[in-house]
**Student:** 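One structure follows; several queries about it will come next.
Model, not experiment: these values are computed from the prediction.
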Amino acid sequence: MTNKLKITFLLGIFMMIFSSNMMNAQLKQGDLVDGIAAVIGDEIVLESDVAEQMNYGKQQGASNADKCEFLENLISNKLLVYEAKKDTLIENRSAAIKEQANSKYRQLLSQFPDEKTMLAAYKFRNAYEMKNAIEKMDTDQYYGQAKYQRVTDKADVTPNEVTDFYNLYKAQLPQIKDEVTLAQIMVYPKLTEAHKEDLINRLKKIKKDILAGESFESQARIYSEDEGSASNGGLYKNINKGQMVKQFEAAALNLQDNEISEPVESEFGYHIIQLLKKSGKVYDARHILLKATPTDDEVKTAKAKLDSIRGLIMDGKMTFKDAAFKFSDDKRTKFNAGVIPGADGSDKIERESIPGTISYELAGLNKGDITTAFEDDDNRRKVVKILKLEEAIPAHQITLETDFSRIKQMALNKKKSEMVEKFVNSKLPTTFISIDGRYDNCSFKANWKKESVKK
């Protein structure tokens, strides 16, 4: 990308900085803590932050490896974070962010045999240090994005501005790869009454053993199928009211301290829950989960149901949109005619990004065709789907005629970037900024180098 055209603006930088790939991010942070690159107000950019973002940028295909530019992007984001924390109209979410960090920590822990192994993998000395690192990352993400949204809230572009943007930059706009628009009807296979009864009876037996002297913690480690808590004895601490699914929370909050519930059904399966303590809107609890994993016969029944729905659509007795609304269990798409959103928020999905299972089902389909029912995974749960190929868009050079909404978003991003740049420049005279002397030769766009720390 040339310096003249900055299509990837600060919102994209946020996505880069706060990637969900915690393993790579934290591993590098642990390896590269080597000094302060810059101070903005009371916010700090580490040398390891700069190196990490350069590496991530390369992984994402960025051709520009200018260290100065990466540092300037980090400084700009830190200034937004600094200003956001002073903005009384931005909600202070410190408590929620801390709990979110604890939850992420538990999720990561579930991927390792024990805590010591995880801490070694991520290069942290103890749990406190790792939780603090996660919390800081989430804090920066929240405040940076909140301020970005506040600054750019009124941004808009007219059709003429979109046309002007296209005419100015069309030689530099990207080639569009093969894309599709897909709609789906997805159902969770229903468990038979006998299967449900078996899960309930197993939990009742586990509860009986606990009441007879076995510890809830040990039984959770042995039997619970919740990856996020089983290795920790089923424990969830500092649960905020409204955080868990309704069935779980209703059962937990109706218990007395150390009391154990009867089996409770939720969308994840069946639980027994032990309330440890509650204080106001926060509580600690343990649980044992047996997942509602369908059998082959239950999956077969779900497929037959979806194939019959497909038959109604193919016969013209029902539209795909109406069928999605009536039958789909996917709350994300059922109210939108079943249409699956793409990575950029539009309804277009690059073919090369589609998982192999889906690609196989789509092979040979034309616009308007519907697959037969097939089995898939959704958020670690077995599901059955049918897919409709709404559109098939061949690779092409981007144009106003075929990609107006996409170009409009690019033009809007450019305007937002300019608004943020103007805001940042307005804060420079009143914000303490110190940049390490190793960056003295950098030619920044903004006047950051009011002070420098020489080495």
**Student:** Please step through side chain to side chain contact (heavy atoms under 4.5 Å, CB included) for the pair T319 and I313, ending with a clear verdict.
**Tutor:** CA-CA 6 Å; T319 65; I313 297 169; over 6 Å; no
**Student:** Considering non-hydrogen atoms only, spot the tightest contact between A392 and V180 and give its length.
**Tutor:**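 Residues A392 and V180, closest heavy atoms: CA-CG1, 4.4 Å.
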**Student:** Any sub-3.5 Å donor-acceptor pair from T181's side-chain atoms to D347's backbone N or O?
**Tutor:**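 Yes; at least one donor-acceptor contact below 3.5 Å.
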**Student:** So, K205 and D209, do they make that salt bridge, N to O below 4.0 Å?
**Tutor:** yes
**Student:** Taking atom types as modelled, find out whether T117 and D114 have a side-chain donor-acceptor pair closer than 3.5 angstrom.
**Tutor:** yes
**Student:** From M118 CE over to S231 OG, what is the distance, rounded to the nearest 0.5 angstrom?
**Tutor:** 9.0 Å
**Student:** Ignoring hydrogens and angles, state whether a donor on the side chain of E298 or H195 is under 3.5 Å from an acceptor on the partner side chain.
**Tutor:** yes
**Student:** Surrounding CD of Q175 (heavy atoms of other residues, nucleotides or ligands, distance under 6.0 Å), is the total greater than 12?
**Tutor:**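 Yes - once you tally the heavy atoms of other residues, nucleotides and ligands closer than 6.0 Å, there are more than 12.
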**Student:** Decide if atom NZ of K278 counts as having more than 12 heavy atoms of other residues, nucleotides or ligands within a radius under 6.0 Å.
**Tutor:** yes
**Student:** Salt-bridge test for K85 and D42: reply yes if a basic N is under 4.0 Å from a carboxylate O, no otherwise.
**Tutor:**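 No, no charged N to carboxylate O under 4.0 Å.
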**Student:** With side chain to side chain contact (heavy atoms under 4.5 Å, CB included) as the criterion, how do I185 and F320 come out once you've worked through the C-alpha distance, each side chain's angles and the decisive distance to 0.1 Å?
**Tutor:** CA-CA 8 Å; I185 299 174; F320 196 96; 3.7 Å; yes
**Student:** Measuring from N77:CG to E43:CD, what's the distance to the nearest 0.5 Å?
**Tutor:** 11.0 Å
**Student:** How far apart are the C-alpha atoms of L191 and L199, what are their side-chain angles, what is the distance that settles it, and do they pass the side chain to side chain contact (heavy atoms under 4.5 Å, CB included) test?
**Tutor:** CA-CA 10 Å; L191 272 57; L199 294 173; 3.8 Å; yes
**Student:** Looking at K237, I want to see if its NZ is surrounded by more than 12 non-hydrogen atoms of other residues, nucleotides or ligands under 6.0 Å.
**Tutor:**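 Open.
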**Student:** Which pair of heavy atoms, one from K131 and one from N102, lies closest together, and at what distance?
**Tutor:**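 Result for this residue pair: CD-OD1, 3.4 Å.
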**Student:** Might you work through the salt bridge (Lys or Arg N to Asp or Glu O under 4.0 Å) test for E179 and R406, ending with a clear yes or no?
**Tutor:** CA-CA 13 Å; E179 295 178 321; R406 198 191 304 260; 2.9 Å; yes
**Student:** Can you tell me which residue among Q274, E262, E214 is in a side-chain hydrogen bond (donor to acceptor under 3.5 Å, both in side chains) with K207?
**Tutor:**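 Going through the options one by one, the only one that passes is E262.
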**Student:** Let me see the working for D153 and Y148 under side chain to side chain contact (heavy atoms under 4.5 Å, CB included), right down to the final yes or no.
**Tutor:** CA-CA 8 Å; D153 183 53; Y148 180 94; over 6 Å; no
**Student:** Give a yes or no on whether the backbone of K277 and the side-chain of D284 come within a donor-acceptor separation of less than 3.5 Å.
**Tutor:**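 No: the side chain of D284 does not pair with the backbone of K277.
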**Student:** Sub-3.5 Å donor-acceptor pair from the side chain of E129 to the main-chain atoms of R125, do we have one?
**Tutor:**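 Present.
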**Student:** Can you confirm whether more than 12 heavy atoms, excluding those of K382, are under 6.0 Å from its NZ atom?
**Tutor:** yes
**Student:** Check whether more than 12 heavy atoms from other residues, nucleotides or ligands sit under 6.0 Å from atom OH of Y223, and answer yes or no.
**Tutor:**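 Count not over threshold, so no.
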**Student:** Would you kindly say whether N73 and E69 are connected by a side-chain donor-acceptor distance under 3.5 Å?
**Tutor:**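 There is no such pair (donor and acceptor under 3.5 Å, judged by atom type) between the side chains of N73 and E69.
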**Student:** For the salt bridge (Lys or Arg N to Asp or Glu O under 4.0 Å) test, which of K104, R93, K98 pairs with E135?
**Tutor:** K98
**Student:** At what distance, to the nearest 0.5 angstrom, does CD1 of I260 lie from CG of L255?
**Tutor:**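 If I round to the nearest 0.5 Å, the distance is 9.0 Å.
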**Student:** Do R286 and Y236 meet the cation-pi criteria used here (NZ or CZ under 6.0 Å from the six-membered ring centre, within 45° of the axis)?
**Tutor:** no
**Student:** Provide the closest heavy-atom pair for I354 versus S359 in the form atom of the first, atom of the second, distance.
**Tutor:**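 Heavy atoms of I354 and S359 come nearest at O-OG, 3.4 Å.
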**Student:** Quick one: does D322's side chain have a donor or acceptor within less than 3.5 Å of a partner on M318's backbone?
**Tutor:**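 It does not hold such a pair.
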**Student:** Is any side-chain heavy atom of I272 closer than 4.5 Å to a side-chain heavy atom of I206?
**Tutor:** yes
**Student:** Is it the case that the side chains of Y105 and E115 hold a donor-acceptor pair, with the cut-off being a distance below 3.5 Å and no angle test?
**Tutor:**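 A donor-acceptor contact under 3.5 Å links the two side chains.
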**Student:** Could you grab the distance from atom CG of L290 to atom CG of D198, nearest 0.5 Å is fine?
**Tutor:**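 CG of D198 is found 9.0 Å from CG of L290.
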**Student:** Spell out, as yes or no, whether a donor-acceptor pair under 3.5 Å connects the side chain of D49 to the backbone of L46.
**Tutor:**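 Confirmed, D49 side chain pairs with L46 backbone.
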**Student:** Distance-only, no hydrogens or angles: does the E249 side chain make a donor-acceptor pair with backbone N or O of G242 under 3.5 Å?
**Tutor:**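 Pair found, side chain donor or acceptor close to backbone of G242.
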**Student:** Donor-acceptor pair, R310 side chain versus T371 backbone, under 3.5 Å?
**Tutor:** yes
**Student:** NZ of K321: more than 12 outside heavy atoms within 6.0 angstrom?
**Tutor:**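 At most 12 heavy atoms, drawn from other residues, nucleotides or ligands, come within 6.0 Å of this atom.
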**Student:** Using a distance-only test with no angle check, is there a side-chain donor-acceptor pair under 3.5 angstrom linking S229 and N232?
**Tutor:** no
**Student:** Establish, from distance only, whether the side-chain atoms of D297 and T295 form a donor-acceptor pair under 3.5 Å.
**Tutor:** no
**Student:** Kindly say whether S218 contributes a backbone atom to a donor-acceptor pair with the side chain of S215 at under 3.5 angstrom?
**Tutor:** yes
**Student:** Between N336 (side chain) and G338 (backbone), is there a donor-acceptor pair under 3.5 Å?
**Tutor:**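 Here the side-chain-to-backbone pair does not exist.
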**Student:** Taking the side chain as every heavy atom from C-beta outward, state whether Y122 and L108 have any pair of such atoms under 4.5 Å apart.
**Tutor:** yes
**Student:** Rounded at 0.5 Å granularity, tell me how far CG in L203 sits from CD1 in I273.
**Tutor:**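 Output value for this atom pair is 10.0 Å.
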**Student:** So, do P174 and M410 sit near enough that their side-chain heavy atoms are less than 4.5 Å apart?
**Tutor:** yes
**Student:** Do you know which two heavy atoms are closest between V45 and L71, and how far apart they sit?
**Tutor:**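 In terms of heavy atoms, the two residues are closest at CG1-CD1, 4.1 Å.
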**Student:** Taking all non-hydrogen atoms of both residues, which atom of G368 and which atom of K388 are closest, and how far apart?
**Tutor:** O-CE, 4.0 Å
**Student:** If we ignore hydrogens and angles and just use 3.5 Å, is the side chain of D378 paired with the main-chain N or O of R381 as donor and acceptor?
**Tutor:**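 The answer is no, because no donor-acceptor pair under 3.5 Å joins these two groups.
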**Student:** Verify the neighbour count for atom CZ of F325: are there more than 12 heavy atoms of other residues, nucleotides or ligands below 6.0 Å?
**Tutor:** no
**Student:** At what distance, to the nearest 0.5 angstrom, does CG of D330 lie from CE of M186?
**Tutor:**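 D330 atom CG to M186 atom CE measures 4.0 Å (nearest 0.5 Å).
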**Student:** Is it the case that atom CG in D296 sees more than 12 heavy atoms from other parts of the structure closer than 6.0 Å?
**Tutor:** no
**Student:** Taking all non-hydrogen atoms of both residues, which atom of S261 and which atom of H271 are closest, and how far apart?
**Tutor:**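 Minimum heavy-atom separation between S261 and H271: OG-O, 4.5 Å.
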